Amino acid sequence: MAPPRSGDHGTSAIRELVSSSLKKTNKMMKKATNSKSIAEAASAGHGEEGKKWTTLVHNGVLFPPLYKRHGVKILYKGKPINLTPEQEEVATMPIYQWHQRVVEQRKQMSRKEKKALKEEREEIEEKFKWAIIDGVKEQVNNFKVEPPGLFRGRGEHPKMGRLKKRIRPSDMTINIGKSAPVPECPIIYGGERWKEIRHDNTVAWLACWKDPINQKEKYVKLAPSSSLKGRTDKEKYEKARKLKDYIPGIRAAYTKDFSSKDPLKKQIAVATYLIDKLALRAGNEKDEDEAETVGCCTLKVEHVVPLPPNTLKFDFLGKDSIRYQNQVEVEPLVFKAIQQFRSDKNQGNNADLFDLLDTNKLNAHLKELMPGLSAKVFRTYNASLTLDEMLNKKISKGTGDDVPEKEVAIICNHQRAVSKSHDAKMSKLDEKIEELKDVLNELETDLSRAKKGKQPESSSTINKKRKRNLSPEAIEKKMAQTNAKIEKMERDKLTKEDLKTVALGTSKINYLDPRITVAWCKRNQVPIEKIFTKSLLAKFAWAMDVDPSYRF
DNA sequence: CTCGTTACTTAGCATTTCTTGT
DNA sequence: ACAAGAAATGCTAAGTAACGAG
């Protein structure tokens with residue numbers, strides 16, 4: 001029997017790293033692995049309800065270096081002002097040129113210096129990088145404490161520009177196994193204590209603190225490659241697959257409720273329809289001091305415009321203030337319902353479209369239809385099912401004409417800003433295509449001359465070198481190659497333009513059941529490394545042994 | 001039921017690293 | 001050997017959703 005789950009996750013490289021650094025923590029390991037049998041017993045059966053681990057050992061978190069004074073004074077009414085270190089630190093944050101200079105200095109450093117600095121950094125980080133959970137050494141995701149700075153936020157955030165203050169050990173709660181040594185507070189904070197020490201094995205976090213900007217709890221957790229994360233990720237996809245079995249019934253139920261006399265039922269039905277059909281997010285209520293964004297339940301009248309006979313025009317800012325614009329034909333009853341919801345509201349455009357509804361009620365209703373169902377499951381279901389269908393309908397593999405993930409990214413509205421260099425890249429491609437076309441023209445002249453047994457002309461502006469006297473066949477072959485190059489570049493150009501605002505990575509990380517991809521690779525003899533990066537391979541280690549016939 | 005709290009996933013963009021063409 | 005460009009990773013903000021107290 002394999003040691004606890006270490007065999008089915010992590011690359012050999014990771015394992016090598018692990019074993020080399022294990023020596024240092026050998027003592028702790030011993031203690032942790034001694035309870036292995038308990039851990040196995042827990043995970044073999046169902047374990048205790050809500051229990052995430054039995055033993056947990058880690059070294060806490062790594063704080064950023066304290067601020068180092070530079071002593072440059074700022075002028076106020078022409079006079080230099082004395083600043084306290086704290087004031088100077090904040091004053092330095094908005095000074096763009098100063099930061100540019102720091103960046104420039106770093107660039108100037110030689111390769112060697114950079115490497116040395118990096119190694120030094122890695123040595124410090126090594127200690128915090130790992131946790132031992134139920135006897136297995138796993139990577140910690142975010143062991144570096146977020147440094148202080150000026151808060152930007154996304155979109156029109158009311159708190160933009162606020163100072164995000166430094167996090168200290170006294171802000172930090174540590175969660176760790178009862179028998180594990182409590183990590184020491186860093187000495188630079190001279191005798192400061194952790195805020196609290198907990199031994200809560202019903203949660204997956206190693207440390208937490210309150211974000212000073214939004215007063216929300218933030219957590220230090222294990223990396224996506226960990227078996228704990230892998231397990232929950234797999235469960236997410238299994239739940240989405242279960243929805244597949246329930247979906248006919250769910251659709252029948254909400255279709256029936258489109259004409260319900262109970263107004264709440266009717267709103268739930270229409271909202272569920274939109275979440276199912278358009279993969280909208282649930283839409284929790286938001287505070288005044290957050291950017292004004294919406295999801296399904298928080299849509300306003302102005303966000304959904306009915307265009308007769310049965311089209312809805314959506315236009316609103318969703319998560320991260322990303323604009324959702326879409327125009328879709330809907331069921332006539334849904335169209336009518338939306339018209340009615342809109343006209344019911346006499347407060348105008350800013351009124352809630354689903355005024356009787358919130359995510360609590362919606363999810364409570366979904367739970368009645370399928371155990372564990374909530375709004376977000378529909379996004380996973382929709383994305384994964386779409387990919388599965390795309391990959392299995394196209395028999396003509398490897399044409400490379402279309403990116404199957406694009407469809408999914410568009411459904412989920414995963415967008416990205418057009419890169420600064422996009423236009424430059426496109427014109428460069430154009431240039432190269434023009435060059436190749438010139439080459440082609442010249443080859444054509446050469447060909448007709450060669451056919452008549454003449455030497456090629458050597459007056460080319462492109463190629464000053466004297467040409468070889470090639471046979472017509474050889475020239476034709478060259479022409480075909482050049483043509484193929486041009487066509488490839490034209491295709492590249494099209495896809496590049498097509499995908500310039502589409503973020504393909506988000507769905508790959510969060511919505512697409514990796515087993516679909518792995519199985520497809522197995523069926524088509526495509527190495528999985530071509531599709532998943534190193535970190536995705538680690539994250540999806542649990543999916544690698546899937547049967548080639550797997551369907552979502 | 002509502003509200004604040006808690007714990008977790010999902011997200012785009014900045015930064016770093018790798019690859020490629022010269 | 002190197003710079004430019006592409007790809008990968010890192011960072012942390014911004015969501016979802018469950019839960020418990022009143």
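Everything quoted here is computed from the prediction, not taken from an experiment. Labels below follow one simple rule: chain letters A, B, ... track the order of the sequence lines, proteins then strands, and each chain is numbered from 1. Values reported hereafter were calculated over all heavy atoms of this structure, with side chains retained and with hydrogens, waters and symmetry mates removed.
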Roughly how many Å is it from [atom1] in [X] to [atom2] in [N], rounded to a whole number?
| X | N | atom1 | atom2 | result |
| --- | --- | --- | --- | --- |
| A:Arg231 | B:dC8 | CZ | C1' | 15 Å |
| A:Glu529 | C:dA8 | CD | C1' | 16 Å |
| A:Asn413 | B:dT10 | CG | P | 16 Å |
| A:Lys52 | B:dA7 | NZ | P | 9 Å |
| A:Met489 | B:dG21 | CE | C1' | 12 Å |
| A:Lys221 | B:dT10 | NZ | P | 11 Å |
| A:Leu362 | B:dC1 | CG | C1' | 17 Å |
| A:Leu206 | B:dT6 | CG | P | 18 Å |

So [X], base contact, sugar-phosphate only, or nothing? Heavy-atom distance under 4.0 Å.
| X | result |
| --- | --- |
| A:Asn175 | nothing |
| A:Lys236 | sugar-phosphate |
| A:Ile322 | sugar-phosphate |
| A:Lys508 | nothing |

- Message: Would you say the ring centers of A:His58 and A:Phe128 fall short of 6.0 Å from each other?
- Response: no
- Close aromatic pair by centroid cut-off 6.0 Å: A:Tyr511 and A:His414: yes
- Message: I want to check one thing: is the phosphate of B:dC8, taken as OP1 and OP2, less than 4.0 Å away from some side-chain N or O of A:Lys229?
- Response: no
- Establish, with yes or no, whether the OP1 or OP2 oxygen of B:dA7 is under 4.0 angstrom from a side-chain nitrogen or oxygen of A:Tyr219. yes
Does any donor atom in the side chain of [X] or [Y] lie under 3.5 Å from an acceptor atom in the other side chain?
| X | Y | result |
| --- | --- | --- |
| A:Thr293 | A:Lys286 | yes |
| A:Tyr219 | A:Asn142 | no |
| A:Thr359 | A:Asn284 | yes |
| A:Arg515 | A:Tyr237 | no |

- Query: Could you run down nucleotides 12-22 of chain C 5' to 3' and tag each one B, S or - for protein heavy-atom contact under 4.0 Å?
  - Reply: SSBBBBS----
- Item | Nearest non-hydrogen partners of A:Leu357 and A:Leu264, listed with the distance | CD1-CD1, 4.1 Å
- Message: If the test is side-chain contact (heavy atoms from CB on, under 4.5 Å), which one of A:Leu274, A:Leu366, A:Leu280 qualifies with A:Phe378?
- Response: A:Leu366
- Position toward the 5' end of DNA chain B (nearest nucleotide), A:Tyr237 or A:Arg198: A:Arg198
- Message: Could you check whether any side-chain heavy atom of A:Trp130 comes within less than 4.5 Å of a side-chain heavy atom of A:Gln139, counting everything from C-beta outward?
- Response: yes
- Are the side chain of A:Lys367 and the backbone of A:Leu373 linked by a donor-acceptor contact shorter than 3.5 Å? yes
- Item | Listed nucleotide nearest any side-chain atom of A:Tyr511, set B:dT9, B:dT10, B:dA7 | B:dT10
- Salt bridge A:Lys144-A:Glu125, side-chain N to carboxylate O under 4.0 Å: yes
- Take A:Ile268 and A:Asp257 through the side-chain contact (heavy atoms from CB on, under 4.5 Å) test and state the conclusion after the steps. CA-CA 8 Å; A:Ile268 288 177; A:Asp257 282 348; over 6 Å; no
Enumerate the protein-to-nucleotides 14-18 of chain B contacts in which both atoms are nitrogen or oxygen and the separation is below 3.5 Å.
from: B:dT17; atom 1: OP1; to: A:Lys118; atom 2: NZ; distance (Å): 3.2

Could you list all N or O pairs between the protein and nucleotides 5-7 of chain C that sit under 3.5 Å apart?
from: C:dG5; atom 1: OP1; to: A:Lys428; atom 2: NZ; distance (Å): 2.9
from: C:dA6; atom 1: OP1; to: A:Lys496; atom 2: NZ; distance (Å): 3.0
from: C:dA6; atom 1: OP2; to: A:Lys425; atom 2: NZ; distance (Å): 3.0

